[in-house]
A.B. asks: 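Please see the structure below; I have some questions.
Sequence lines set the chain letters: A, B, ... in the order given, protein chains first and strands last, and positions in each chain run from 1. Every value quoted in this text rests on a predicted model; they were computed, and no experiment measured them.
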Amino acid sequence: MAQKPSVPKGTRDFSPGEMLRRNYIFEVIKKTFLKYGYLPIETPAMENLSTLLGKYGEEGDRLLFKILNSGDFLKKTRAEDFKDISKLSMKIAEKGLRYDLTVPFARFVVQNQHAINFPFKRYQIQPVWRADKPQKGRYREFYQCDVDVIGSDSLLNEVELILIIDDVFRELGVQSIVKINNRKILTGIAEVVGEPGKITEITVAIDKMEKIGFDEVIKELSIRGLSANAIEKLKPILTLEGKLKEIFPKLMEILDDSEIGKQGIQETMTVMRHLKDLNINAKFILDLTLARGLDYYTGAIIEVTAKDHEIGSICGGGRYDNLTGIFGLPDVSGVGISFGADRIYDVMLALDLFPEDLQSSTQVMFVNFGEKEAKYCLSLVQKLRQAGISTELFPDAVKMKKQMTYANKNNIPYVVLIGSSEMESNKLTVKLMHTGDQKEIGIDELIEAINGKTIS
RNA sequence: GUGCGAGUAGCUCAGUUGGUUAGAGCACUGGAUUGUGGUUCCAGGGGUCGUGGGUUCAAGUCCCAUUUCGCACCCCA
């Protein structure tokens with residue numbers, strides 16, 4: 001047997017049917033981004049590894065796809081390099097596939113700072129790659145749809161991004177839950193419990209609250225090296241419940257000794273207050289257990305899940321105060337979110353939310369009866385196309401059954417038959433595929449009927 | 001990186017305590033219907049049973065190794 005072809009692990013082909021639905025999602029997202037005044041950019045699939053490494057935490061570095069240098073990639077290595085994998089990989093790979101769109105964007109901003117008009121609002125819809133083990137809702141190649149504002153500290157940007165989230169999911173028909181938190185609150189909590197150096201440990205543990213529950217989180221905190229004293233102080237924070245009006249004052253009290261913590265609460269309250277006055281469809285909630293793994297977030301953090309389908313987050317983001325600083329442009333704050341198109345697709349498919357009429361593009365197919373007939377059809381086909389009706393002529397004069405089957409499978413609603421008698425009468429026979437009826441009419445009549453929708 | 005499960009026709013899968021020529025549905029091709037699809041009926045093609053080794057008179061079935069894929073953990077869109 002010939003070698004069975006396949007695609008690399010975690011990557012997928014998309015059939016025409018899938019592409020029509022995917023494009024529908026991309027179009028809704030893109031249209032919304034444009035409506036809010038964001039401009040498109042694109043960056044290369046690959047970046048220098050120096051651009052990518054160290055931006056996503058230890059786990060992120062591990063999940064980067066590295067590209068082997070072309071030619072003799074061992075040229076620069078020495079025997080002792082082979083003892084240390086990370087040293088070796090630096091010598092044999094200088095490029096990597098992008099892991100997200102935010103870091104390449106930061107690089108783009110730094111490189112093009114003189115040409116950019118700040119605050120810069122950009123959107124970017126491109127695939128990213130992660131060397132993760134694939135599983136449900138997780139792919140090694142997937143699309144992110146990013147919107148970011150860079151060069152503005154205003155919390156109005158946070159509000160705007162949440163409005164975009166609401167807009168997109170409202171139009172797609174996905175019931176969404178927007179969770180909001182702030183890294184400064186988490187930093188404040190770490191300070192108040194007396195473990196300012198253990199922010200990562202604390203956030204990673206409490207991030208699992210929903211999944212593993214209160215008791216397990218406490219256990220995990222202890223495993224991660226938090227003192228019993230600190231854990232006791234943390235407990236009342238983790239169990240905070242009730243309405244926002246009640247939570248905020250309580251939090252203020254708890255974080256009274258932490259300037260940064262109080263600032264985080266202020267920011268979150270401001271955003272929430274704005275949102276409250278707007279007509280928002282999505283449920284938005286303050287979730288103190290929301291942490292998000294990416295290292296570069298410094299302020300607001302946002303994560304969106306689908307209410308009716310468990311698949312992880314379908315959109316996420318936050319504010320980063322100094323991402324461009326790493327590339328030599330300090331004090332430029334940005335905030336952005338990223339829609340996960342592939343997961344949104346999975347949610348919409350599972351909940352059957354795609355519109356029905358995304359099917360075929362061809363409206364009319366001409367049957368091919370032979371060389372003479374096909375030649376006669378060509379000008380008529382062009383006439384239909386010029387009238388804006390997407391039309392095709394079957395390329396081969398094969399059996400009619402075959403041609404009809406083709407039209408049927410592609411959901412082509414009208415089939416035109418022109419044989420010798422039609423050529424003589426200067427008319428055409430059109431078959432309406434959903435009813436099976438057929439009638440003999442002229443070409444102009446057909447165009448008028450289709451464009452006027454008086455035929456069905 | 002850790003754990004669990006599965007690889008049989010193009011696809012989805014069945015295959016009994018090991019026992020003739022490995023089956024079904026869908027898809028494909030031809031016919032009923034030479035200018036008529038979607039429904040129906042008839043016929044046909046298509047398999048080194050993931051790969052390598054072992055046990056046995058006999059292996060799709062049991063054992064070992066290997067590989068690929070899926071699921072969960074970690075982390076994430």
Side-chain angles (χ1 to χ4, degrees), chain A residues 1-12 15 25 29 56-64 85 99-102 125-146 165 200 203-205 207-208 211-212 216 220 224 290-295 302-306 311-318 336-347 365 367-370 373 394 397-423 428-438 440:
Chain A
M1 191 165 48
Q3 184 202 344
K4 258 196 186 177
S6 65
V7 295
K9 191 197 293 239
T11 65
R12 298 152 300 159
S15 65
I25 293 174
I29 290 174
Y56 308 107
E58 206 177 306
E59 183 72 10
D61 286 355
R62 202 167 64 77
L63 298 179
L64 278 173
I85 300 260
Y99 179 90
D100 73 356
L101 301 177
T102 309
I125 299 175
Q126 288 189 276
V128 302
W129 294 268
R130 297 182 186 177
D132 224 341
K133 276 208 177 169
Q135 47 190 284
K136 195 190 267 302
R138 178 172 308 187
Y139 309 101
R140 288 186 147 184
E141 177 183 59
F142 60 97
Y143 271 74
Q144 290 195 328
C145 313
D146 271 39
I165 291 171
T200 313
T203 53
V204 167
D207 189 40
K208 294 180 193 164
K211 213 172 197 170
I212 62 179
E216 290 295 313
E220 177 133 1
R224 288 180 183 266
L290 174 63
R292 294 187 59 80
L294 292 177
D295 273 2
I302 299 164
E303 187 162 288
V304 185
T305 51
I311 199 164
S313 57
I314 52 177
C315 179
I337 50 168
S338 180
F339 290 83
D342 304 78
R343 283 189 181 173
I344 293 171
Y345 178 94
D346 290 346
V347 169
M365 187 196 87
V367 169
N368 187 331
F369 281 107
E373 291 88 346
F394 200 89
V398 294
K399 268 194 230 151
M400 194 144 153
K401 183 184 169 115
K402 167 92 184 153
Q403 300 191 42
M404 293 301 280
T405 305
Y406 171 87
N408 186 55
K409 283 188 179 164
N410 283 352
N411 286 315
I412 297 171
Y414 310 107
V415 171
V416 169
L417 301 106
I418 299 178
S420 49
S421 62
E422 283 89 352
M423 282 167 73
L428 48 83
T429 299
V430 56
K431 173 161 180 146
L432 315 181
M433 293 299 274
H434 20 270
T435 59
D437 296 346
Q438 42 190 82
E440 213 171 277

A.B. asks: So what's G23(B) paired with, Watson-Crick or G-U wobble, going by both distances under 3.5 Å?
C.D. replies: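 Base-paired to C13(B).
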
A.B. asks: Is a donor-acceptor pair below 3.5 Å formed from side chain E422(A) to base G35(B), judging by atom type as modelled?
C.D. replies: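 For E422(A), whose side chain was compared with the base of G35(B), there is a donor-acceptor pair (under 3.5 Å).
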
A.B. asks: In whole Å, I'd like the distance from the CG atom of L64(A) to the C1' atom of C75(B).
C.D. replies: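 Atom-to-atom, L64(A) to C75(B), this comes out as 14 Å.
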
A.B. asks: Under a plain distance cut-off of 3.5 Å, with no hydrogens placed, do D61(A) and Y99(A) share a side-chain donor-acceptor pair?
C.D. replies: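 Short answer, no.
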
A.B. asks: Figure out the CG/P separation between L290(A) and C76(B), and round it to whole Å.
C.D. replies: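 Answer to the nearest Å: 11 Å.
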
A.B. asks: Without swapping roles, check the side chain of R138(A) against the backbone of K133(A) for a donor-acceptor pair under 3.5 Å.
C.D. replies: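 Such a contact is absent between R138(A) side chain and K133(A) backbone.
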
A.B. asks: Would you mind pulling out the nucleotide paired to A43(B), Watson-Crick or G-U wobble, both distances under 3.5 Å?
C.D. replies: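 Paired with U29(B).
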
A.B. asks: Is it the case that the base of C76(B) and the side chain of R343(A) share a donor-acceptor contact (distance under 3.5 Å, atom types as modelled)?
C.D. replies: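 Pair found.
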
A.B. asks: Please measure how far the P atom in C4(B) lies from the corresponding atom in C76(B), and state the result in whole Å.
C.D. replies: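 Here C4(B) and C76(B) have their P atoms 25 Å from each other.
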
A.B. asks: Between A77(B) atom P and D100(A) atom CG, what is the distance in whole Å?
C.D. replies: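 It is 8 Å, rounded to the nearest whole Å.
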
A.B. asks: If you find the nucleotide of RNA chain B closest to D132(A) and the one closest to K431(A), which residue's nucleotide is nearer the 5' end?
C.D. replies: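 Looking at the nearest nucleotide for each, K431(A) comes out on the 5' side.
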
A.B. asks: Return yes if some donor-acceptor pair links the side-chain N/O of N368(A) with the main-chain N/O of G370(A) below 3.5 Å, else return no.
C.D. replies: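 A pair under 3.5 Å: yes.
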
A.B. asks: Would you compute the distance between atom CE of M365(A) and atom CG of L417(A) and round it to the nearest 0.5 angstrom?
C.D. replies: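 If I round to the nearest 0.5 Å, the distance is 8.0 Å.
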
A.B. asks: Given that both distances must come in under 3.5 Å, which nucleotide forms a Watson-Crick or G-U wobble pair with C74(B)?
C.D. replies: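 Pairing partner, where one exists within any strand: none, as none qualifies.
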
A.B. asks: Strictly by Watson-Crick or wobble contacts shorter than 3.5 Å, is anything paired with G60(B), and which nucleotide is it?
C.D. replies: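 Its partner is none (no Watson-Crick or G-U wobble pair with both distances under 3.5 Å).
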
A.B. asks: Starting from C1' on C71(B), measure out to OH on Y139(A) and report it in whole angstrom.
C.D. replies: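 So the two atoms are 14 Å apart, to the nearest Å.
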
A.B. asks: C1' atom, A14(B) versus U68(B): distance in rounded Å?
C.D. replies: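 My reading of the C1' atoms in A14(B) and U68(B) gives 23 Å.
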
A.B. asks: Please report the distance, rounded to the nearest Å, between CE in M365(A) and C1' in G37(B).
C.D. replies: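 Distance, rounded to whole Å: 9 Å.
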
A.B. asks: On RNA chain B, compare the nucleotides closest to R62(A) and K9(A); which residue's is nearer the 5' end?
C.D. replies: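 Per heavy-atom nearest nucleotide, the more 5' residue is R62(A).
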
A.B. asks: Would the base of U36(B) count as contacting K402(A) through its side chain, where contact means a donor and an acceptor less than 3.5 Å apart?
C.D. replies: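 It does not, because no donor-acceptor pair links the side chain of K402(A) to the base of U36(B) below 3.5 Å.
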
A.B. asks: In whole Å, measure the gap between the P atoms of C49(B) and U33(B) for me.
C.D. replies: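 Roughly 42 Å separates the two P atoms.
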
A.B. asks: The side chain of M400(A) lies closest to which of these nucleotides: U29(B), U36(B), G37(B)?
C.D. replies: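 Of U29(B), U36(B), G37(B), U36(B) is nearest to the side chain of M400(A).
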
A.B. asks: Between P on C26(B) and NZ on K409(A), what's the gap in Å once rounded to a whole number?
C.D. replies: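 My rounded result for the distance is 13 Å.
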
A.B. asks: Between C76(B), G38(B), U36(B), which nucleotide gets closest to the side-chain atoms of L417(A)?
C.D. replies: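 Nucleotide nearest to L417(A)'s side chain: U36(B).
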
A.B. asks: Give a yes or no on whether the backbone of D437(A) and the side-chain of T435(A) come within a donor-acceptor separation of less than 3.5 Å.
C.D. replies: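 Answer holds: yes.
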
A.B. asks: Just how far, in rounded Å, is P of A77(B) from CD1 of I337(A)?
C.D. replies: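 From I337(A) CD1 to A77(B) P: 12 Å.
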
A.B. asks: How far, in whole Å, is A72(B) from A27(B) if one measures between their C1' atoms?
C.D. replies: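 Pairwise C1' distance, A27(B) against A72(B), rounds to 34 Å.
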
A.B. asks: Sub-3.5 Å donor-acceptor pair from the side chain of R343(A) to the main-chain atoms of G137(A), do we have one?
C.D. replies: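 Yes; at least one donor-acceptor contact below 3.5 Å.
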
A.B. asks: With C1' as the reference atom in both, quote the distance from U8(B) to G3(B) in angstrom, rounded to an integer.
C.D. replies: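 Here U8(B) and G3(B) have their C1' atoms 27 Å from each other.
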
A.B. asks: With both distances kept under 3.5 Å, what pairs with U66(B), Watson-Crick or G-U wobble?
C.D. replies: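 The base-pairing partner of U66(B), which may sit in any strand shown, is G50(B).
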
A.B. asks: Base, sugar-phosphate or nothing for Y143(A)? Non-hydrogen atoms, less than 4.0 Å.
C.D. replies: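 No contact.
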
A.B. asks: Whole Å only: how far is the NZ atom of K133(A) from the C1' atom of A72(B)?
C.D. replies: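 Rounded to whole Å, this separation is 10 Å.
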
A.B. asks: Could you check which of A77(B), G35(B), G37(B) has an atom nearest any side-chain atom of T405(A)?
C.D. replies: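 Ranking A77(B), G35(B), G37(B) by closest atom to the T405(A) side chain puts G37(B) first.
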
A.B. asks: Give one of base, sugar-phosphate or nothing for G312(A), where a contact means two heavy atoms less than 4.0 Å apart.
C.D. replies: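 No contact.
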
A.B. asks: Counting side-chain heavy atoms from CB outward, which of G1(B), C74(B), G37(B) is closest to Q135(A)?
C.D. replies: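 Nucleotide nearest to Q135(A)'s side chain: C74(B).
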
A.B. asks: Nearest of U36(B), U2(B), C71(B) to any side-chain atom of M404(A)?
C.D. replies: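 Nearest listed nucleotide: U36(B).
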
A.B. asks: Under 3.5 Å, is there any donor-acceptor pair linking the side chain of K136(A) to the base of G70(B)?
C.D. replies: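 Check fails, no donor-acceptor contact within cut-off.
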
A.B. asks: Touch check for C145(A), heavy atoms < 4.0 angstrom, all strands: base, sugar-phosphate only, or nothing?
C.D. replies: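 Since no nucleic acid heavy atom lies under 4.0 Å of C145(A), the category is nothing.
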
A.B. asks: Taking the C1' atom in each of U39(B) and U34(B), what is the distance between them to the nearest angstrom?
C.D. replies: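 About 22 Å, rounded to a whole number of Å.
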
A.B. asks: For the side chain of R138(A), counting heavy atoms from C-beta on, which of C71(B), A77(B), C28(B) is nearest?
C.D. replies: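 When the side chain of R138(A) is considered, A77(B) is the closest of C71(B), A77(B), C28(B).
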
A.B. asks: What integer number of Å spans the P atoms of C63(B) and G47(B)?
C.D. replies: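 It works out to 29 Å between them.
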
A.B. asks: Looking at every strand, decide which applies to Q438(A) at a 4.0 Å heavy-atom threshold: base, sugar-phosphate, or nothing.
C.D. replies: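 Base: the residue Q438(A), judged by heavy atoms under 4.0 Å, touches a nucleobase.
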
A.B. asks: Distance check, P atoms only: A22(B) and C26(B), in whole angstrom units.
C.D. replies: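 Approximately 22 Å lies between the P atom of A22(B) and that of C26(B).
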
A.B. asks: Between T429(A) and E422(A), do the side chains contain a donor N or O and an acceptor N or O under 3.5 Å apart?
C.D. replies: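 The criterion, which ignores hydrogens and geometry beyond distance, is satisfied for T429(A) and E422(A).
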
A.B. asks: Would you kindly check whether a donor in the side chain of N408(A) faces an acceptor in the base of G37(B), or vice versa, at under 3.5 angstrom?
C.D. replies: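 Indeed there is one.
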
A.B. asks: Which part of the nucleic acid, if any, lies within reach of T102(A) when heavy atoms closer than 4.0 Å are counted: base, sugar-phosphate only, or nothing?
C.D. replies: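 Since no nucleic acid heavy atom lies under 4.0 Å of T102(A), the category is nothing.
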
A.B. asks: Verify whether one side chain among D100(A) and Y56(A) offers a donor that lies under 3.5 Å from an acceptor in the other.
C.D. replies: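 Result is yes, a qualifying pair exists.
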
A.B. asks: Under 4.0 Å between a side-chain N or O of K401(A) and OP1 or OP2 of U36(B)?
C.D. replies: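 Indeed not, no polar side-chain atom of K401(A) lies that close.
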
A.B. asks: Whether the side chain of T405(A) engages the backbone of K401(A) through a donor-acceptor N/O pair (distance < 3.5 Å, no angle test) should be reported.
C.D. replies: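 Yes, because the side chain of T405(A) sits within donor-acceptor range (under 3.5 Å) of the backbone of K401(A).
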
A.B. asks: For U55(B), which nucleotide is its Watson-Crick or G-U wobble mate, given both distances must be under 3.5 Å?
C.D. replies: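 When the pairing criteria are applied, nothing turns out to pair with U55(B), so the answer is none.
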
A.B. asks: Would you mind classifying the nucleic acid contact of G60(A) as base, sugar-phosphate or nothing, using non-hydrogen atoms under 4.0 angstrom?
C.D. replies: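 Nothing, no nucleic acid heavy atom in range.
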
A.B. asks: When you compare the ring of F339(A) with the six-membered ring of A77(B)'s base, are the centres less than 5.5 Å apart and the planes under 30° from each other?
C.D. replies: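 No; centroid distance or tilt outside limits.
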
